Asker: 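What follows is a structure written as structure tokens; I'll ask about it next.
Protein chains get the first letters and strands the later ones, always in sequence-line order, with residue 1 at the start of each. Model, not experiment: these values are computed from the prediction.
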Amino acid sequence: MTREKLKGAEIVVEELKNEGVEVAFGIPGGVLLDLYDVLYKDDVIRHILMRHEQCAAHAADGYARVLGRPGVCIATSGPGATNLVTGLANANMDSSPVVALTGQVPTAAIGSNAFQEASTFTITMPITKHNFLVTRTEDLPKVIHNAFYIANTGRKGVVLVDLPKDVLATRVDVNLHPKETFTGYKPKIKPNPVQIKKTAEVLANAERPLILAGGGVISANATEELRHLAEFLGAPVVTTLMGKGAIPENHPFSLGMAGMHGRIYANRAISECDALLSVGTRFSDRLTGWQLDQFAPEATLIHVDIDAAEINKNLQVDIPLVGDAKLALEEILKWLEKKRTTSPGSVWVQRIREMHSACEECIGDVRREGASISDMLIKEISKVLDDDVIVTTEVGQCQMFAAHYYITKKPRTFISSGGLGTMGFGFPAAIGAKVAAPDKRVVDLAGDGSFLMTCHDLATCVENDIPVVVCIFHNCYLGMVRQWQELFFEKRYSNTGLGTIPDFVRLAEAFGAYGERVEKPEELKDALQNAFESGKPAVLDMIVGQEDKVLPMIPPGGSIVGMIGTERCKPI
Amino acid sequence: MQTHIISLLVEDHPGVLTRMSGMFTMRGINITSLTVSPCEKEGLSRMTVAIDGSESELEKVRKQLSNLIEVVKVVDLKEEKAVIRDLCLMKVHVKDSNARSEVMQLAEAYGAKIANATLDSVIIELTEEPRTIDRFVDLMKHFGIKQLFRTGVTAIGMDTGGGLER
Ligand SMILES: Cc1ncc(C[n+]2csc(CCOP(=O)(O)OP(=O)(O)O)c2C)c(N)n1
Ligand SMILES: [Mg+2]
């Protein structure tokens with residue numbers, strides 16, 4: 001600890017650097033002048049000026065998901081902070097570590113409806129893991145340290161620090177880099193050995209074991225352990241949307257994403273298994289469907305999660321196992337190796353092989369009979385992009401096309417808004433991803449509706465030389481909602497038509513980005529090549545069928561065995 | 001539906017109460033009584049929350065409360081293993097000396113104290129288990145309750161529950 005007389009804003013920046021922060025995404029404002037003045041003089045932290053605070057939060061979120069450590073966003077008081085809200089809620093729902101710094105009116109003015117005052121502390125309380133309103137400059141070191149500690153440990157999440165102007169401007173004598181934390185905050189990471197043993201015994205004796213991997217596997221960097229366990233057990237792996245990348249989707253044991261828009265084979269495996277090891281998932285209704293008694297009815301349910309509050313929240317399980325996914329999987333594997341188990345029945349192995357190859361056939365065949373233009377495009381994209389490309393998605397059909405067909409091969413290369421389903425997320429998240437991994441190609445698989453919600457940040461990309469590629473599934477509709485109207489509301493397309501504007505190519509060009517139209521799936525490969533070679537941020541306007549649907553799906557109220565639109569899937 | 005008493009040890013920070021009550025609001029659970037007070041350790045406060053809800057609902061809230069960063073400890077106090085008290089102050093109308101002596105007799109039978117008396121009313125103080133207070137309040141309704149104040153339950157576990165001791 002060193003003791004110095006520093007201005008609040010200087011303390012903040014010193015502590016950020018001590019936490020290893022290299023990048024922050026934000027927009028300044030009146031109450032943040034002191035902070036931005038320090039950032040101006042600082043040459044460690046790169047501040048990227050965004051064009052909307054929502055994008056700053058999404059960018060920090062994308063950055064965090066790629067690197068596995070906190071992303072930082074900054075916004076001014078009042079409207080700046082309220083603009084952050086969607087982005088913070090999104091990150092928190094997906095347990096992504098983000099630290100948000102917001103300016104606040106001077107402490108003396110708080111509660112007086114001062115200019116640009118909003119009660120950021122109370123507004124963000126329910127959408128953060130924790131938040132702070134700092135009222136004394138002396139508290140800054142401890143608060144900033146704890147903000148990062150809390151955001152990045154246990155079940156990760158968002159921590160917001162609200163910084164009144166006078167707290168940033170005051171100079172105090174202070175000890176930097178404190179280590180103290182909260183007495184009540186002890187993230188439990190070591191799994192209970194008794195539960196490990198129970199789990200291992202169930203798995204060892206199962207004839208049809210299955211692993212369900214959620215985002216927690218990726219967040220805990222437990223993908224290697226997961227693959228080892230699957231291979232040792234001879235158990236297939238299905239994932240949630242957030243779990244995409246937990247196992248290479250071309251691995252012979254991978255059956256892809258399960259759930260409402262998942263692959264029929266993945267859902268089938270859930271119905272057929274007799275032991276389900278679920279890791280780092282919260283059993284959202286998008287996975288389970290709405291008839292819980294139909295979800296894995298024959299299986300002993302095991303639930304590994306770092307958050308005890310998730311156990312028995314959505315689904316009643318047989319064996320809870322609270323702790324870090326990596327540690328838990330390691331321990332289970334150790335136990336199994338010691339006991340040298342019998343591997344599952346060859347009938348199950350044969351069944352998996354059958355399902356995996358059916359899967360490959362349906363997913364890989366670009367011109368499969370009955371395929372829509374959207375289907376063909378996403379399959380083509382999956383073929384053309386190499387394993388290292390980071391894909392982000394918007395929300396809607398575009399997202400589910402990506403989730404269903406895009407073959408994700410590495411963890412942290414598929415980034416999507418899972419819990420909140422936020423249109424406009426993918427593009428700013430791509431910006432954050434590209435900043436986190438400048439050597440990797442980053443592609444946002446977008447819908448026309450979603451992209452218009454945050455496309456202004458093309459300016460940020462061009463100004464800061466962040467060349468991400470946006471591929472728009474241009475169907476002239478809020479397609480996912482339209483699909484529901486088609487299927488369940490007799491084609492009454494209430495307020496889902498977007499018209500044919502804008503011209504996305506010219507929109508890109510207006511920002512100084514590269515734009516190209518893709519009229520046919522065959523043109524895609526070259527267009528992507530052109531986009532990457534332009535070296536600029538790029539927008540590909542992919543014209544798709546206006547009434548393309550993303551199928552199969554579990555209809556509303558349905559169960560995991562009741563998918564509709566399965567005609568194009570190979571029967572198994 | 002059943003009344004549950006949850007005892008929380010929390011850091012004495014502004015906002016903790018909002019955070020805690022927000023957990024209940026989010027799940028649509030009604031708090032029937034709530035007390036906040038200092039406790040045996042400086043810097044921490046104790047909250048005693050009474051809620052109506054099912055066992056499974058309670059279990060979910062309890063875990064989510066434990067997740068709050070400023071919550072040090074959460075204990076679900078079981079009625080048979082806790083001393084539970086509520087303090088009630090009420091102003092009861094006494095229309096004549098007959099009524100007055102009846103009220104005072106009943107108060108005595110319940111172990112209540114007369115905190116103040118005027119010509120037409122008495123202020124009664126009673127510290128008891130909530131149910132006993134309910135019964136006493138019902139009795140006093142016959143005479144006419146002008147004002148009624150209850151602090152809400154506070155409770156202490158007979159074993160180690162709720163405290164910092166191991
Ligand atoms: C911010 C926000 N508003 C509304 C919705 C509801 N919604 C879900 S999907 C969707 C349509 C998305 O349209 P588009 O981006 O064009 O994608 P498409 O489904 O056409 O591929 C809407 C409006 C949402 N998820 N997020
Ligand atoms: Mg669309």
Asker: Between B:Q64 and chain A, which part of the residue has a heavy atom less than 4.5 Å away: side chain, backbone, both or neither?
Answerer: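 The answer is both parts of B:Q64.
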Asker: Taking only heavy atoms into account, what residues of residues 130-144 of chain A are found under 4.5 Å from chain B?
Answerer: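 Answer by number: A:H130, A:N131.
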Asker: Taking everything shown except B:D138 itself, do over 12 heavy atoms lie less than 6.0 Å from its CG?
Answerer: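 More than 12 within 6.0 Å, yes.
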Asker: May I ask you to check whether over 12 heavy atoms, not counting those of B:K146, lie within 6.0 Å of atom NZ?
Answerer: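 Buried by this count: over 12 neighbours within 6.0 Å.
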Asker: Measuring from B:E11:CD to A:T183:OG1, what's the distance to the nearest 0.5 Å?
Answerer: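 It comes to 4.0 Å.
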Asker: Tell me whether the count of non-hydrogen atoms from other residues, nucleotides or ligands lying under 6.0 Å of CZ in B:R131 goes above 12.
Answerer: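 No, not enclosed.
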Asker: Assess whether side-chain contact (heavy atoms from CB on, under 4.5 Å) is satisfied between B:K63 and A:I311, documenting all intermediate values.
Answerer: CA-CA 9 Å; B:K63 285 198 242 171; A:I311 307 286; 3.8 Å; yes
Asker: Are there more than 12 heavy atoms of other residues, nucleotides or ligands under 6.0 Å from atom NZ of B:K95?
Answerer: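 Result for NZ/B:K95: open.
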Asker: Within the 4.5 Å heavy-atom criterion, are A:M125 and B:T18 side-chain neighbours or not?
Answerer: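 Result yes, sub-4.5 Å side-chain heavy-atom pair found.
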Asker: Enter the distance from A:K313:NZ to B:S56:OG here, rounded to the nearest 0.5 Å.
Answerer: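 Answer for the NZ-OG pair, A:K313 versus B:S56, is 13.5 Å.
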Asker: Counting only heavy atoms not in B:K60 (residues, nucleotides, ligands), do more than 12 fall under 6.0 Å from its NZ?
Answerer: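 For B:K60, atom NZ is crowded (more than 12 foreign heavy atoms under 6.0 Å).
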Asker: Can you measure from CG (A:N146) to CD1 (B:I69) and round to the nearest 0.5 angstrom?
Answerer: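 It comes to 9.0 Å.
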